[in-house]
Protein chains: 2
Amino acid sequence: MKKKHPWLVDIGKNIRAIRESKGLSQEELAELVEIDRTYIGGIERGERNVASLNLIRIAIALNTEVGNLFPRLDMLPLISRY
Amino acid sequence: MKKKHPWLVDIGKNIRAIRESKGLSQEELAELVEIDRTYIGGIERGERNVASLNLIRIAIALNTEVGNLFPRLDMLPLISRY
DNA sequence: TTGTGACTTTAAGTCCGTC
DNA sequence: GGACGGACTTAAAGTCACA
């Protein structure tokens with residue numbers, strides 16, 4: 001099991017929640033976004049530090065604003081800086 | 001001059017606009033975020049495909065939601081998929 | 001104060017598989 | 001349907017000298 005940054009875990013939870021709300025499997029999302037299915041899994045588990053372009057593509061596939069994939073500023077533990 | 005993806009250019013513009021609205025130089029932002037000045041420059045010029053953690057750190061430094069750094073879904077030319 | 005090219009190191013992202 | 005691992009290729013992270 002890989003190391004997980006709390007912020008990435010948040011992002012992963014958000015993506016998973018939205019994906020499931022759309023009734024999509026990881027594999028189906030992977031196909032929409034044209035990203036490897038194991039990578040989608042890794043993102044949702046908070047193990048991957050996804051780059052902007054892929055985040056945007058995921059947001060498009062999920063038909064949601066990119067901002068919805070991120071935790072709100074108030075929710076971030078500012079003490080744990082990176 | 002490096003190749004620039006339109007979406008990254010949008011992100012760069014947003015970051016630059018917010019940074020300047022705060023009266024910060026690239027160097028000052030770089031120090032806040034603890035990222036190299038030239039890397040910040042590259043992001044603002046749309047030459048870097050920044051990953052989530054750095055985006056969040058930049059958003060924190062600029063005291064703005066991460067979503068504000070991204071273009072809105074409606075603004076994305078959906079035809080040019082990646 | 002910022003842009004840019006060249007560069008090394010690290011991690012993103014793919015593809016195979018098993019449980 | 002999803003978690004997870006290994007091995008791999010590509011791209012991002014990160015730094016520097018100089019314009």
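Proteins come first, then strands; the chains are lettered A, B, ... in the order of their sequence lines, and each starts at number 1.
- Between A:Asn54 and C:dG13 there is a side-chain N or O to OP1 or OP2 distance below 4.0 Å.
- Here B:Lys22 does not pair with B:Glu28 in a salt bridge; the nearest charged N to carboxylate O distance is not below 4.0 Å.
- A:Glu34 places its CD atom 14 Å from the C1' atom of C:dT14, with the value rounded to the nearest Å.
- Rounding to the nearest 0.5 angstrom, the gap separating the CZ atom in B:Arg16 from the OG atom in B:Ser21 is 13.0 Å.
- Remark: C1' of C:dG5 and CZ of B:Arg48 are 11 Å apart, rounded to the nearest angstrom.
- Both key distances under 3.5 Å define a Watson-Crick or G-U pair, and stretches of 3 or more such consecutive pairs in DNA chain D run C:2-19 with D:2-19.
- Rounded to an integer number of Å, the gap from CG of A:Leu55 to P of C:dA12 is 11 Å.
- Contact check, A:Asn49 against C:dA11: no side-chain N or O comes under 4.0 Å of OP1 or OP2.
- For A:Trp7 against B:Leu53, the heavy-atom pair with the smallest separation is CE3-CD2, 3.8 Å.
- Residue contacts shown for A:Ile35 are limited to sugar-phosphate atoms, with no base heavy atom under 4.0 Å away.
- In terms of modelled atom types and a separation under 3.5 Å, the side chain of A:Asn49 and the main chain of B:Ala51 share no donor-acceptor contact.
- Going from atom CD of A:Glu31 over to atom P of C:dT14 covers 14 Å, rounded to whole Å.
- Between atom CD1 of residue A:Ile40 and atom CG of residue A:Asn54 there is a gap of 8.0 Å, rounded to the nearest 0.5 Å.
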Between the protein and nucleotides 1-4 of chain D, list every N/O to N/O distance that falls short of 3.5 Å.
{"residue": "D:dG2", "atom": "OP1", "partner": "A:Arg19", "partner atom": "NH1", "Å": "2.7"}
{"residue": "D:dG2", "atom": "OP1", "partner": "A:Arg19", "partner atom": "NH2", "Å": "3.2"}
{"residue": "D:dG2", "atom": "OP2", "partner": "A:Gln26", "partner atom": "N", "Å": "2.6"}
{"residue": "D:dA3", "atom": "OP1", "partner": "A:Arg16", "partner atom": "NH1", "Å": "3.0"}
{"residue": "D:dA3", "atom": "OP1", "partner": "A:Arg16", "partner atom": "NH2", "Å": "2.4"}
{"residue": "D:dA3", "atom": "OP2", "partner": "A:Arg16", "partner atom": "NH2", "Å": "3.4"}
{"residue": "D:dA3", "atom": "OP2", "partner": "A:Gln26", "partner atom": "OE1", "Å": "3.4"}
{"residue": "D:dA3", "atom": "OP2", "partner": "A:Gln26", "partner atom": "NE2", "Å": "2.7"}

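- A:Leu69 has its side chain out of reach of A:Val50: every pair of non-hydrogen atoms, C-beta onward, lies at least 4.5 Å apart.
- Remark: A:Thr38 OG1 to A:Gln26 CD distance equals 9.5 Å, nearest 0.5 Å.
- Note: CG (B:Leu53) to C1' (C:dA12) measures 12 Å, nearest angstrom.
- In this entry the distance linking CZ of B:Arg57 with P of D:dA12 reads 18 Å, nearest Å.
- Distance CD1 (B:Ile43) to P (D:dA12): 12 Å, rounded to an integer number of Å.
- Of the residues listed (A:Ile11, A:Val9, A:Ile15), the one engaging A:Lys13 in a side-chain contact (heavy atoms from CB on, under 4.5 Å) is A:Val9, and it is the only one.
- When rounded to the nearest whole Å, the span between CG of B:Asp36 and C1' of C:dT10 equals 16 Å.
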Return all side-chain donor-acceptor pairs below 3.5 angstrom for residues 59-66 of chain A, not counting sequence neighbours, or 'none' if the list is empty.
{"residue": "A:Thr64", "atom": "OG1", "partner": "A:Asn68", "partner atom": "ND2", "Å": "2.7"}
{"residue": "A:Glu65", "atom": "OE1", "partner": "B:Leu73", "partner atom": "N", "Å": "3.2"}

